[in-house]
> 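One structure, as structure tokens, below. Some questions next.
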Amino acid sequence: MNFSTSATDGFIDLRSDTVTRPTPAMRAAMAEAVVGDDQNGEDPTVNELERRSAELMGKDAAVFMPSGIMGNLSSMLAHCGRGDEIIVGDQSHIVWYEASGAAAVGGITPRTVPTSSDGTLPLDLVEAMINPRFPGSSATAAIAIENTHNRCGGTVLSLDYLAELKAVANNHGLPVHMDGARIFNAAAYLGVPASAIAAHATSVQFCFSKGLAAPVGSMVVGDAAFIESVRYQRKLLGGAMRQSGVLAAPALVGLNEMVDRLPEDHIRARVIAETIAEYPAYTINLDTVQTNLVIFKTIRNQEEVIAALKERNVLASNMGSRGIRMVTHYEITDMHIEQVVSALKDIAHA
Ligand SMILES: Cc1ncc(COP(=O)(O)O)c(C=O)c1O
């Protein structure tokens, strides 16, 4: 059986790192996974993945999620009650791409703070947005941040910034939730273990299905009582699974085999970005190209440029007012990058 075909075979698919398909080692691990009923806590592969994840992030406990969005939503539901507020960046994935789950499902009001181009939320604005709990008022129950930041082009929050944000949150007794879908990319950029980043957040959601190339799944980590609550919210949302060891097994392969290779993706993204920067047909802020995402604008119609790239076998995604996005991942080789570079040059000259 040929496992490698997909609707986009033959293309250099830079739309997202979510397009990666499980490696042969992942498929073998899925076939061989020892499984049990996870809702009874009896799936040894899920248990092992949760244990490893908590350990890697330096937290007490972890719970395996079917998706990053469910991880973020379950975490927000665990941090906030109905009628509470969450402070979140106006460019965050939570605000743009998560079907307004916090509001729609949890009755939680997102109080948005303008996201700076580096993905940070200005601390004075965060502090000014905090609504204390008193009768007749809704109250801030959590602060959410994103690291790396998708709509900012994969930017990484510095440890200093995270420490300052944590201090603001602590002063007001608030938890910090980190949407760390790509936290291992952030760790690779900073040259620190992921736990050094996670130390500044109360809870972290991270994905196996992006740079780690596993087919499905995310993890939420935090202290034991919080994770119990997140486990309950996962059940409420219909995300509690059964023999999910078949999904945890490739995620474990991702942790073992994909984390250390992420800097390769960053180097390749940088090559694309530097090519883009050479041509007046495009604009890019090279400072934001820190990890595996490249977002740029064009003086031409964005759709036309995406179509022109596709004619040259390169798939990119349209991020609307943010620009065109290209994402490198383990299926993208140096040879592909050469083709992407020549497609970009060709279009710039057209
Ligand atoms: C920053 C960020 N957070 C959360 C998610 C959600 O992950 P999923 O698509 O697995 O639900 C994504 C997905 O692209 C993301 O980029």
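All ligand and atom numbering here is 1-based and tracks the order in the structure. Numbering of residues begins at 1 and proceeds along the displayed sequence.
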> Mark up the atoms of ligand 1 that fall under 4.0 Å of a heavy atom belonging to Asn150, in ascending order.
16 (O)
> What protein heavy atom sits nearest atom 1 (C) of ligand 1, and how far away is it?
Glu146 OE2, 3.4 Å
> Return the closest protein heavy atom for atom 3 (N) of ligand 1 as residue, atom name and distance.
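Answer, as residue, atom name and distance: Asp179 OD2, 2.6 Å.
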> Can you tell me the protein heavy atom closest to atom 16 (O) of ligand 1 and the distance?
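Ranking protein heavy atoms by distance from atom 16 (O) of ligand 1, first comes Arg182 NH1, 2.9 Å.
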> Hydrophobic clustering (ILVMFWY, side-chain heavy atoms < 4.5 Å, transitive) - are Val216 and Val46 grouped together?
yes
> May I ask you to identify the nearest protein heavy atom to atom 10 (O) of ligand 1, giving residue, atom name and distance to one decimal place in Å?
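For this ligand atom, the closest protein heavy atom is Gly68 N, 3.0 Å.
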> Counting distance only, does the side-chain N/O of Arg182 pair as donor-acceptor with the main-chain N or O of Thr148 below 3.5 Å?
no
> Within the structure, does Ala181 bring an N/O atom to less than 3.5 angstrom of an N/O atom in ligand 1?
no
> Below 4.0 angstrom, N of the basic side chain to O of the carboxylate: do Asp9 and Arg21 qualify?
yes
> With heavy-atom distances below 4.0 Å as the criterion, list the atoms of ligand 1 near Ile69.
6 (C), 7 (O), 8 (P), 11 (O)
> Check for a donor-acceptor pair, side chain of Glu98 on one end and backbone N or O of Val95 on the other, with a separation under 3.5 Å.
no
> Do any N or O atoms from the side chain of Gln302 and from the backbone of Gly323 form a donor-acceptor pair under 3.5 angstrom?
yes
> Does any N or O atom in Ser218 lie less than 3.5 angstrom from one in ligand 1, N or O only?
no
> Tell me which protein heavy atom sits closest to atom 5 (C) of ligand 1, plus the residue, atom name and distance to 0.1 Å.
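Ranked first by proximity to atom 5 (C) of ligand 1 is His93 CE1, 3.2 Å.
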> So, the side chain of Tyr189 versus the backbone of Thr155: is there a donor-acceptor pair under 3.5 Å, distance only?
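No; zero donor-acceptor contacts below 3.5 Å.
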> I want to know if ligand 1 touches Thr148 in the polar sense, i.e. an N/O pair below 3.5 angstrom.
no
> Under the 3.5 angstrom rule, does the side chain of Asp179 hit a backbone N or O of Ala181 as a donor-acceptor pair?
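Between the backbone of Ala181 and the side chain of Asp179 there is a qualifying donor-acceptor contact (under 3.5 Å).
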> Should Met70 be listed as contacting ligand 1, given a heavy-atom distance under 4.0 Å as the test?
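Judged by the 4.0 Å heavy-atom criterion, Met70 does not count as contacting ligand 1.
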> Please verify whether a non-hydrogen atom of His149 lies at under 4.0 Å from ligand 1.
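No.
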> Which of parallel (below 30°), tilted (30 to 60°) and perpendicular (above 60°) describes His93 and Tyr97?
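The arrangement is tilted - the two ring planes meet at 30° to 60°.
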> Report the nearest protein non-hydrogen atom to atom 7 (O) of ligand 1: residue, atom name, distance rounded to 0.1 Å.
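Sorting protein heavy atoms by distance from atom 7 (O) of ligand 1 puts Lys210 NZ, 2.9 Å first.
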> Say whether, by atom type as modelled, one donor and one acceptor occur between the side chain of Arg231 and the main chain of Phe226 under 3.5 angstrom.
no
